[in-house]
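Right, one structure below, let's go through it.
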Amino acid sequence: MELAGLADTTPPRLGGFDVGRRDAGGEYRRPLAEAATVVFEAGLPVRGFPAYRGQRHFPGLYWSATTGGHVGFESWLERDHAMLLDFAPEVTGLLSQPLWRDLVRFASGLS
């Protein structure tokens with residue numbers, strides 16, 4: 001059975017987005033199509049985890065055996081996912097907020 005409206009859709013073009021990351025050397029951006037070779041888990045989070053009075057979620061740090069250090073989370077759901085990933089033997093790295101994504105309108109010809 002086919003879903004209405006989805007039969008003739010094409011996948012999005014990868015060239016329309018840039019991906020950014022951070023590490024000890026600074027911030028870097030590259031097209032999404034070239035980001036497959038980037039080792040994001042070796043970097044730093046691209047943004048912090050704000051904490052303020054009255055907020056409705058619970059940010060914090062989870063100590064990961066996989067990384068041997070703390071991994072930030074913004075909610076208990078993110079913490080639970082980090083814990084599950086920490087027990088998966090195929091996971092070799094873990095980083096919270098590893099990248100940001102930007103739509104590149106002019107470079108890709110989008111308007």
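Atom set for the values below is all heavy atoms of this structure, side chains included, hydrogens, waters and symmetry mates excluded.
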Do you know the tightest heavy-atom contact between [X] and [Y]?
X     : Y     : value
Leu94 : Ser64 : CD2-OG, 3.9 Å
Leu61 : Gly72 : CD2-CA, 3.7 Å
Tyr62 : Phe73 : N-CE2, 3.8 Å
Arg21 : Val46 : CA-CG1, 4.0 Å

Would you indicate whether the side-chain heavy atoms of [Y] and [X] approach each other to under 4.5 Å?
X     : Y     : value
Leu44 : Glu27 : no
Arg30 : Asp18 : no
Gln55 : Glu74 : no
Tyr28 : Asp23 : yes

Report the distance from atom [atom1] of [X] to atom [atom2] of [Y], rounding to the nearest 0.5 Å.
X     : Y     : atom1 : atom2 : value
Leu85 : Asp80 : CG    : CG    : 11.0 Å
Arg79 : Leu84 : CZ    : CG    : 10.5 Å
Thr67 : Leu95 : OG1   : CG    : 9.0 Å
Arg47 : Ser96 : CZ    : OG    : 9.0 Å

Check whether any side-chain N or O of Arg22 sits under 3.5 Å from a backbone N or O of Pro45 as a donor-acceptor pair, and report yes or no. yes
Please answer: with hydrophobic residues joined when any side-chain heavy atoms are less than 4.5 Å apart, are Met83 and Val91 in the same cluster? no
Quick check: are there more than 12 heavy atoms from other residues, nucleotides or ligands sitting under 6.0 Å from CH2 of Trp100? yes
Check the orientation of His57 and Tyr52. Use parallel for under 30°, tilted for 30 to 60°, and perpendicular for over 60°. perpendicular
